[in-house]
Amino acid sequence: MFRKFTTLLLLSLLPAVAMAAFKPSAETVLITGANHGLGLELARQYADLGWNVIATSHRPPGDSRLTQLEALKKTHPNVVIEQLDVTDTAMIKALAARYRNQPIDVLLNNAANVETTFAADMAEGAKTWDKIDFDAARRDFDVNTLGPMRVVQAFGPNVIASKGKRIVAISSSAGSFATPLPGGIAMNYGASKAALNKYFTLLAVQMHKHGVLVGLFQPVFVATKDDIKDMKGAAPVSTAVTQLIKQIDLMSPATDGKIVNFSTGRVDAF
Ligand SMILES: NC(=O)c1ccc[n+]([C@@H]2O[C@H](COP(=O)([O-])OP(=O)(O)OC[C@H]3O[C@@H](n4cnc5c(N)ncnc54)[C@H](OP(=O)(O)O)[C@@H]3O)[C@@H](O)[C@H]2O)c1
């Protein structure tokens, strides 16, 4: 009985311990999918800028996919790693409850259901209308569309309570009506990103009264996978993330609810 009580007490103290290194005067960012690609580099660059970084990943502690993020935390006491699966409403709500008193200046919805190699992504995206895998489609919508909305619902109050007041999602030109990917590829992924765009345009309207800016950002093509590291035309991750952070900084009523191409800085058509 006593041991159970002690364990519960220790668990309730965990967030306070984890956040102990957070500077109250520093800005805070929460990033989803922070263990790889753009998310990992976002965590690294925001940490280098002196922000408090809540770097989340759906991977459990000890998972080999967390190695690079754990290495970052070792050199940056302003980084806290939290497990967060954007499809798990209960997990998201539990984390938000632990951080209820922590203002979040930038809520960065980066996680997506993508393959670990570019080749596998292409193979998935090449499936035509007659080969749609509806379980895979459901997974894309769960992670890419509903995931950010679950995170916004849980952490919206933290953003409203902050000074920075920015909610961001990383979208994709695969979701564009104006300039779809050639050949009509990436049906599931593209549809899930188009639906995310719609959610965020409506969210922007609803967040006006709270003074919160809502931004959608899409890259052109960033070398986040090992098999495209040396591919011509694929932007280095560090360069792309520096541009993205700059564009998040530049968010204004003129970009609110719009989709900004963070490689060019231009507002793109939906
Ligand atoms: N790279 C590009 O050129 C490009 C182009 C257009 C749009 N984007 C967008 O940019 C964002 C980042 O992509 P990326 O290229 O950096 O790919 P990535 O390296 O594969 O990153 C995706 C991240 O999302 C995580 N994730 C997957 N399922 C999750 C879940 N259920 N809950 C929480 N996290 C989950 C992944 O974790 P695991 O890997 O451990 O599973 C990974 O950390 C995505 O929104 C993507 O759609 C990228």
Side-chain angles (χ1 to χ4, degrees), residues 30-45 54-70 72 81-92 95 108-122 124-125 136 138-151 154 168-176 179-181 185-186 188-197 200 215-229 231 233-241 243-244 247 259-264 268:
L30 183 150
I31 305 163
T32 64
N35 62 302
H36 195 267
L38 295 177
L40 176 64
E41 184 61 21
L42 280 161
R44 185 174 290 132
Q45 293 198 20
I54 308 167
T56 73
S57 166
H58 68 130
R59 303 284 168 183
D63 191 293
S64 62
R65 296 274 293 175
L66 285 176
T67 310
Q68 287 176 282
L69 188 56
E70 275 159 359
L72 176 70
I81 302 176
E82 298 286 3
Q83 190 180 4
L84 191 76
D85 184 326
V86 300
T87 67
D88 188 333
T89 307
M91 186 187 279
I92 297 168
L95 188 67
L108 225 160
N109 292 283
N110 161 76
N113 187 39
V114 282
E115 305 294 329
T116 49
T117 63
F118 180 68
D121 250 348
M122 287 292 98
E124 187 58 40
R138 196 176 287 119
R139 180 78 189 159
D140 274 355
F141 276 83
D142 207 7
V143 178
N144 306 348
T145 315
L146 301 179
M149 294 315 297
R150 288 187 188 96
V151 171
V168 168
I170 311 300
S171 191
S172 167
S173 52
S176 173
T179 52
L181 298 181
I185 61 165
N188 289 345
Y189 174 73
S192 72
K193 291 289 189 178
L196 167 71
N197 293 349
F200 264 53
L216 287 155
F217 293 87
Q218 64 191 12
V220 174
F221 185 36
V222 187
T224 51
K225 315 280 173 190
D226 283 348
D227 57 340
I228 49 166
K229 255 204 276 210
M231 191 184 279
V237 181
S238 62
T239 313
V241 165
Q243 289 166 330
L244 173 57
Q247 294 305 327
I259 187 152
V260 173
N261 184 313
F262 64 79
S263 308
T264 64
D268 281 342

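All residue numbers in this chain count up from 1 along the given sequence. When a ligand or atom number is given, it counts from 1 through the structure's own listing order.
Using modelled atom types and a 3.5 Å distance limit, the side chains of Thr67 and Ser64 yield no donor-acceptor pair. Side-chain atoms of Asn113 and Asn144 form no donor-acceptor pair, as typed in the model, at a separation below 3.5 Å.
Among protein heavy atoms, the minimum distance from atom 20 (O) of ligand 1 is reached at Lys225 NZ, 2.8 Å. With hydrogens left out, the protein atom closest to atom 10 (O) of ligand 1 is Ile170 CG2, 3.2 Å, a heavy atom. From the protein, the heavy atom lying nearest to atom 16 (O) of ligand 1 is Leu38 N, 2.8 Å. Residue, atom and distance of the protein heavy atom nearest to atom 33 (C) of ligand 1 are Leu84 O, 3.4 Å.
Contacts of Gln218 with ligand 1, taken as heavy-atom pairs under 4.0 Å, are absent altogether. Under 4.0 angstrom from ligand 1, the non-hydrogen atoms of Ser171 all belong to its backbone. Looking at Val114 against ligand 1, only its side chain comes within 4.0 Å, counting heavy atoms. The proximity of His36 to ligand 1, defined as any non-hydrogen pair under 4.0 Å, involves the side chain as well as the backbone. Only the side chain of Arg139 comes within contact range of ligand 1, with a heavy atom under 4.0 Å; no backbone atom does.
Side-chain contact check for Asp63 versus Pro60: some heavy-atom pair is nearer than 4.5 Å. Using a 4.5 Å heavy-atom threshold, the side chains of Val222 and Leu38 count as touching. No side-chain heavy atom of Asp142 sits under 4.5 Å from any side-chain heavy atom of Val86.
Of all the atoms in ligand 1, the ones that sit under 4.0 Å from a non-hydrogen atom of Asn110 are 11 (C), 12 (C), 44 (C), 45 (O). Those atoms of ligand 1 with a heavy atom of Arg59 less than 4.0 angstrom away are 38 (P), 40 (O), 41 (O). Heavy-atom proximity to Gly37, at under 4.0 Å, picks out these atoms of ligand 1: 16 (O), 19 (O). For ligand 1 and Ala112, the ligand atoms under 4.0 Å from any heavy atom of the residue are 22 (C), 24 (O), 26 (N), 27 (C), 28 (N), 44 (C), 45 (O), 46 (C), 47 (O). For ligand 1, the atoms sitting less than 4.0 Å from at least one non-hydrogen atom of Phe221 are 3 (O), numbered in the order shown with element in parentheses. Taking every heavy atom of Ser172 and a limit of under 4.0 angstrom, the matching atoms of ligand 1 come to 6 (C), 7 (C).
Between the Glu41 side chain and the Val237 main chain, no donor and acceptor come within less than 3.5 Å of each other.
Distances from atom 2 (C) of ligand 1 to the heavy atoms of Val222, Asp63, Val151, Asn109 show the closest one on Val222.
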